[in-house]
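These notes concern the structure reproduced below.
What's counted below: heavy atoms across the whole structure, side chains too, no hydrogens, waters or symmetry copies. Both counts, for ligands and for their atoms, begin at 1 and track the order of listing.
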Amino acid sequence: MSAAIEALPPLREVIARHDLAARKALGQNFLLDLNLTRKIARAAMPWTGATVIEIGPGPGGLTRALLLEGAPAVVAVERDERCLAALTDLVAAADGTLRLHPGDALETDFATLAPPPWQVVANLPYNIATPLILGWIARAECFSRITVLVQKEVAERLAAPPGGKDYGRLAVAAQWRCSVRLLFDIGPKAFVPPPKVTSTLVELAPRPAPLAEADPKKLERVTAAAFGQRRKMLRAALKGLWPDADAKLAAAGIDPTRRAETLSIPEFCSLARLL
Ligand code: SAM
């Protein structure tokens with residue numbers, strides 16, 4: 001299989017042949033350097049035995065790398081029909097290891113693609129990266145690992161510890177269910193066309209159990225209220241949730257003069273349990 005993939009025409013030729021001019025609305029910034037896509041694939045390893053799901057294979061640079069690095073079974077979800085047509089030669093070369101799923105990743109229930117667990121590896125379309133990741137985190141128990149290239153800012157917000165400006169709803173949601181690691185940055189010049197921002201490969205590894213007990217919807221309500229007014233003291237920021245916010249904060253053992261960004265995830269969970 002590797003020889004057949006290596007014998008495929010270069011990605012630039014695939015792009016020219018299929019007239020794959022990048023569409024901004026689809027977040028299309030392609031990676032054409034196979035050394036780099038192989039580095040991403042290796043960073044996602046070891047293969048966990050789960051079905052590997054790639055969102056947005058585009059012309060197939062990362063898809064080729066996943067296959068060459070030995071991903072056991074790959075399902076690639078793509079909504080651009082031009083890309084799907086461009087990938088048929090790769091499907092043939094992959095000899096049963098690669099399946100394409102035409103459609104919108106935001107609307108796709110992965111259970112219709114393969115039974116869980118799933119291992120996601122992708123260079124995500126940046127305009128939908130956050131909703132995709134939030135949807136996956138909500139079902140973290142179904143994923144063995146998620147390794148995705150996102151805008152550096154989003155990666156930093158996912159991994160942020162308490163105490164800084166990046167720590168917010170996204171950090172709490174992600175780190176409550178997963179341990180989050182920033183792997184490496186990729187500059188704009190590596191992409192065709194180059195985006196305006198730097199990208200970061202980030203890994204979300206689902207925890208065996210959430211960091212602390214809480215109902216996810218209640219946790220989200222608490223973080224939305226707390227970070228919605230992040231400069232205010234919690235006693236003021238949480239007034240919309242509880243007119244007696246001081247008493248609830250005291251019950252959770254939290255000083256009401258603290259601000260949202262100083263709270264640990266277990267402390268947010270304590271508040272969610274009081275809702
Ligand atoms: N994986 C390729 C690479 O690394 O060169 C392309 C990555 S490009 C940043 C994002 C890809 O996601 C594009 O191929 C685009 O067509 C696809 N895409 C955009 N929105 C999508 C959606 N809602 N569902 C599935 N694929 C989508």
Verify, without hydrogens or angle tests, whether Asp246 (side chain) and Arg235 (backbone) share a donor-acceptor contact under 3.5 angstrom.
-> no
Region of Arg23 that comes within reach of ligand 1 [heavy atoms, distance under 4.0 Å] | neither
Heavy atoms only: give me the nearest Arg139-Asp109 pair and the separation to one decimal.
-> NH1-OD1, 3.2 Å
Closer than 4.0 angstrom: is that true for some heavy atom of Gly61 and an atom of ligand 1?
-> no
Find all atoms of ligand 1 within a distance of less than 4.0 Å from any non-hydrogen atom belonging to Val77, and give their numbers and elements.
-> 25 (C), 26 (N)
Within-shell test, Ala122 vs ligand 1, heavy atom, strictly < 4.0 Å | no
To the nearest 0.1 Å, how far is atom 17 (C) of ligand 1 from its closest protein heavy atom, and which atom is that?
-> Glu78 OE2, 3.4 Å
Look at the side chain of Asp215 and the backbone N and O of Lys218, then say whether any donor-acceptor pair between them is shorter than 3.5 Å.
-> yes
Among protein heavy atoms, which sits nearest to atom 19 (C) of ligand 1, and what does the distance come to when rounded to 0.1 Å?
-> Leu26 O, 3.0 Å
Between the candidates Asp104, Ile15, Leu66, which shows the shortest non-hydrogen contact distance to atom 23 (N) of ligand 1?
-> Asp104
Measure up the Phe110 and Trp118 rings against each other and bin them: parallel (under 30°), tilted (30 to 60°), perpendicular (over 60°).
-> perpendicular
Does some non-hydrogen atom of Leu124 fall short of 4.0 Å from ligand 1?
-> yes
What protein heavy atom is closest to atom 1 (N) of ligand 1, reported as residue, atom name and distance in Å?
-> Gly56 O, 2.7 Å
Mind checking whether Ala105 has an N or O less than 3.5 Å away from an N or O of ligand 1?
-> yes
Quick one: does Phe30 get an N or O within less than 3.5 Å of an N or O on ligand 1?
-> no
Gln28 and Arg82 side chains, donor-acceptor separation under 3.5 Å | yes
Do any nitrogen or oxygen atoms of Asn29 lie less than 3.5 angstrom from nitrogen or oxygen atoms of ligand 1?
-> no
Check whether any N or O atom of Leu62, backbone or side chain, sits under 3.5 Å from an N or O atom of ligand 1, and answer yes or no.
-> no
N/O to N/O below 3.5 Å, does that happen between Asp80 and ligand 1?
-> no
State whether a side-chain donor-acceptor pair under 3.5 Å links Asp185 with Thr200.
-> yes
Which residue supplies the protein heavy atom nearest to atom 8 (S) of ligand 1, what is that atom called, and how far is it?
-> Gly27 O, 3.5 Å
Tell me yes or no: between the side chains of Tyr126 and Ser199, is some donor less than 3.5 Å from an acceptor?
-> yes
Backbone or side-chain N or O of Leu31 under 3.5 Å from ligand 1 N or O | yes
Side chain to side chain contact (heavy atoms under 4.5 Å, CB included) between Trp47 and Val121, worked out = CA-CA 11 Å; Trp47 306 119; Val121 190; 4.2 Å; yes
Which atoms of ligand 1 have any heavy atom of Gly103 under 4.0 Å away?
-> 24 (N), 25 (C)
Below 4.0 Å from any atom of ligand 1, is there a heavy atom belonging to Glu54?
-> yes
Looking only at atom types and distance, does a side-chain atom of Arg273 sit under 3.5 Å from a main-chain N or O of Glu213, one as donor and one as acceptor?
-> yes
Where the side chain of Asn127 meets the backbone of Ala25, is there a donor-acceptor pair that is under 3.5 Å apart?
-> yes
For the residue pair Thr147 and Arg145, establish whether any side-chain heavy-atom pair is separated by less than 4.5 Å.
-> yes
Is the backbone of Asp104 close enough, under 3.5 Å, to the side chain of Thr108 for a donor and an acceptor to pair up by distance?
-> yes
min-distance protein heavy atom vs atom 3 (C) of ligand 1 -> Asn123 ND2, 3.5 Å
